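None of these values were measured; they are calculated from a predicted model.
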Amino acid sequence: MKAAGKEVTIVMVEDDEGHARLIEKNVRRAGVNNEIVPFTNGNEALDFILGSDRSGSVNSDRYLLILLDLNLPDMSGIDILEKVKSNAHSKRLPVVILTTTDDEREIQRCYDLGANVYITKPVDYDSFAHAIRQLGLFFSVMQIPGQ
């Protein structure tokens, strides 16, 4: 996957090692060979996505796709989603929620906050692969102003 000719880095925020391995396997199975940077807690992921100062300026020349679990040991994935989507530098980054929670209110809240895709675990990997391919298509046609 590329955006404006640059490689897209996949940020996977998932504390369950077994789920993380399955997710990576299915990203690869979908034909996506981009770098995957794994995190098992929210603070480390936010340091990477927004920088340790949380300004978000670290993202000015990076293209990230975030795969986000909602149930993390140190904070809620909802908190991460809110921080990413309320930051001027990261608000347009695509976020795929991958979680065991299938509560309708929670799903709606994630979409209201700007999540692009919400997938419930255990994941239907055909749907997951399709969603990842669609995001790859999105990146391949995305134009950056002034490019």
Side-chain angles (χ1 to χ4, degrees), residues 1-4 6-140 142:
M1 284 187 293
K2 293 184 184 244
K6 293 187 184 180
E7 278 295 318
V8 174
T9 300
I10 298 170
V11 178
M12 179 172 51
V13 189
E14 170 62 71
D15 64 319
D16 182 301
E17 195 176 313
H19 288 165
R21 278 198 304 270
L22 276 173
I23 291 165
E24 182 166 357
K25 184 173 103 181
N26 283 280
V27 167
R28 300 298 180 222
R29 192 183 291 161
V32 176
N33 296 311
N34 299 56
E35 178 185 13
I36 297 175
V37 182
F39 295 96
T40 56
N41 73 64
N43 278 305
E44 288 177 5
L46 283 172
D47 284 349
F48 182 82
I49 297 165
L50 299 177
S52 56
D53 64 357
R54 300 292 197 264
S55 70
S57 60
V58 68
N59 274 315
S60 55
D61 64 346
R62 293 193 307 185
Y63 296 98
L64 305 176
L65 163 61
I66 301 167
L67 304 178
L68 180 61
D69 184 11
L70 294 185
N71 304 307
L72 299 166
D74 61 336
M75 70 173 60
S76 161
I78 295 273
D79 295 335
I80 296 170
L81 180 62
E82 284 179 319
K83 287 175 174 52
V84 167
K85 292 299 186 174
S86 65
N87 184 290
H89 297 284
S90 60
K91 67 182 178 186
R92 290 188 181 90
L93 295 178
V95 177
V96 176
I97 304 294
L98 290 164
T99 190
T100 54
T101 309
D102 64 356
D103 178 89
E104 288 295 322
R105 291 180 309 262
E106 183 118 317
I107 294 169
Q108 191 57 54
R109 183 165 182 220
C110 287
Y111 281 124
D112 289 347
L113 289 171
N116 297 73
V117 181
Y118 190 107
I119 298 175
T120 304
K121 296 186 285 189
V123 173
D124 170 346
Y125 283 102
D126 289 337
S127 298
F128 176 66
H130 179 73
I132 295 299
R133 280 192 214 99
Q134 291 298 109
L135 286 166
L137 181 63
F138 164 77
F139 277 121
S140 70
M142 186 168 75

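When all heavy atoms of Arg105 and Asp103 are compared, the closest pair comes out as N-OD2, 3.0 Å. Closest heavy-atom contact between Arg28 and Asn34: NH1-O, 2.8 Å. Considering all non-hydrogen atoms of both residues, Phe48 and Phe39 come closest at CB-CZ, 3.3 Å. What you find for His89 and Asn87 is that their closest heavy atoms are N-OD1, 2.7 Å. Across all non-hydrogen atoms, the minimal contact from Tyr118 to Thr101 is OH-O, 2.6 Å.
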Glu82 vs Arg109, salt bridge (charged side-chain N to carboxylate O under 4.0 Å, His left out): CA-CA, chis, key distance, verdict: CA-CA 10 Å; Glu82 284 179 319; Arg109 183 165 182 220; 3.5 Å; yes
Go through Arg54 and Asp47 one step at a time and tell me if the side-chain contact (heavy atoms from CB on, under 4.5 Å) criterion holds. CA-CA 7 Å; Arg54 300 292 197 264; Asp47 284 349; 2.3 Å; yes
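Under the rule for a side chain to side chain donor-acceptor pair (under 3.5 Å), the partners of Ser55 that lie at least two apart in sequence or sit in another chain are Asp53, Ser57.
Note that the CG atom of Asp112 and the CG atom of Leu81 stand 10.0 Å from one another [nearest 0.5 Å]. Ile78 contributes atom CD1, which lies 3.5 Å from atom SG of Cys110 (distance to the nearest 0.5 angstrom). Once rounded to the nearest 0.5 Å, the distance linking CG of Asn116 with CG of Leu68 reads 11.5 Å. Taken to the nearest 0.5 Å, the CG atom of Leu93 stands 5.0 Å off from the CD1 atom of Ile66. Atom CD in Glu44 sits 11.5 Å away from atom CD1 in Ile49 (nearest 0.5 Å). A distance of 7.0 Å separates OG1 of Thr40 from CG of Asp15, quoted to the nearest 0.5 Å.
Under the 4.5 Å side-chain criterion, counting only non-hydrogen atoms from C-beta, Met12 is not in contact with Val27. Looking at Lys25 and Arg21, their side chains never come closer than 4.5 Å, going by heavy atoms from C-beta outward. Within the 4.5 Å cutoff, no side-chain heavy atoms of Ile97 are placed close to those of Thr120.
Side-chain N or O atoms of Lys85 include one that pairs as donor or acceptor with a backbone N or O of Lys91 at under 3.5 Å. In this structure a side-chain-to-backbone donor-acceptor pair under 3.5 Å is present from Asp74 to Asn43. One N or O on the side chain of Ser90 and one on the backbone of Val84 form a donor-acceptor pair closer than 3.5 Å.
For the side-chain contact (heavy atoms from CB on, under 4.5 Å) criterion with Ile23, the lone passing option out of Val96, Ile36, Leu67 is Leu67. With respect to Asp69, the side-chain contact (heavy atoms from CB on, under 4.5 Å) criterion is satisfied by exactly one of Thr100, Leu98, Thr99, Ile80: Thr99.
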